[in-house]
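Here the structure comes first, spelled out in structure tokens, and everything after it is commentary.
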Amino acid sequence: MATVELTAENFAEKIGGEGITLVDFWASWCGPCRMFAPVYERVSELNPDITFGKVDTEAEQVLAAEFNIRSIPTLMIVRDGVALYSEPGALPQQALESLIQQARDIDMTEVKAKVAEAQAAAEPAEESDSVTKA
């Protein structure tokens, strides 16, 4: 599968569903980004069941800011709508393939339970004595 251009308009749709999505935050002026691009494309062709997206940080500055992208290239891996990995740096093909295998092997039931637990802990506790007597 060829890579997909990700924009503010299609980003949530492309990464929010079931399955694995890789996101490469890049810019045309970035030397390491240009070196990583052929590796990313090759690996995308070897994994047609995965969505490989690219975010041009120059054209999509709001999206890059939303994900706090400070260094490019930055690779993000999302599975079933949950971000599993986000790190800057160009990777060799073997390292990228290893990360993909790790994303495939993760027990998402366990991950989603931990996410739900963290979200519940972050919500303010409801007061049990909020009912007043008349």
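Heavy-atom basis, side chains included; hydrogens, waters and symmetry copies ignored. FYI, the numbering just counts along the sequence from 1. Small disclaimer: the values here were computed from a predicted structure and weren't measured.
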Should the ring pair Phe11 and Phe67 be called parallel, tilted or perpendicular, given that the plane angle runs from 0 to 90° and is split at 30 and 60? tilted

Output the distance between atom CZ (Phe36) and atom CG (Leu96), rounded to the nearest 0.5 Å. 5.0 Å

With rounding to the nearest 0.5 Å, note down the distance linking SG in Cys30 to CZ in Phe25. 13.5 Å

Give me the atom names and distance for the closest heavy-atom approach of Gln93 to Arg42. OE1-NE, 2.9 Å

If we only count heavy atoms from C-beta on, is the Tyr85 to Gln102 side-chain gap below 4.5 Å? no

Would you say the side chain of Thr7 lies within less than 4.5 Å of the side chain of Leu63, judging by non-hydrogen atoms? no

Working to the nearest 0.5 angstrom, can you tell me the gap between Leu6 CG and Lys14 NZ? 8.0 Å

Output for pair (Ile50 CD1, Ile20 CD1), nearest 0.5 Å, gives 4.5 Å

Between Leu75 and Leu99, is a side-chain contact (heavy atoms from CB on, under 4.5 Å) present by the stated rule, with each step listed? CA-CA 10 Å; Leu75 178 68; Leu99 280 173; 4.2 Å; yes

Check whether any side-chain heavy atom of Leu22 sits under 4.5 Å from a side-chain heavy atom of Val43, and report yes or no. no

Answer yes if the side chains of Ser98 and Gln94 hold a donor-acceptor pair under 3.5 Å, and no otherwise. no

Is it possible for you to say whether Trp29 and Ile69 belong to one hydrophobic cluster, with membership spreading through side-chain heavy-atom contacts below 4.5 Å? yes

In the single-linkage hydrophobic clustering (I, L, V, M, F, W, Y; side-chain heavy atoms under 4.5 Å), do Trp26 and Met35 co-cluster? no

Glu18 side, atom CD; Arg79 side, atom CZ - distance, nearest 0.5 Å: 9.0 Å

For Gly53 and Tyr40 the tightest heavy-atom approach is O-OH, 2.7 Å

Specify the closest pair of heavy atoms between Ala90 and Pro73, including all atoms of both residues, with the distance to one decimal. N-CG, 3.7 Å

Compare all side-chain heavy atoms of Arg104 with those of Asp49 and state whether any distance is below 4.5 angstrom. yes

Drop me the distance from Lys54's NZ to Asp24's CG, to the nearest 0.5 angstrom. 4.0 Å

4.5 Å side-chain heavy-atom contact, Glu5 and Asp56: no

Below 4.5 Å, heavy atoms only, C-beta onward: do Val39 and Leu91 meet side chain to side chain? no

Report yes if the side chains of Glu58 and Ile72 come closer than 4.5 Å at any heavy-atom pair, otherwise no. no

Should the heavy atoms of other residues, nucleotides or ligands under 6.0 Å from NZ of Lys112 be counted, would the total exceed 12? yes

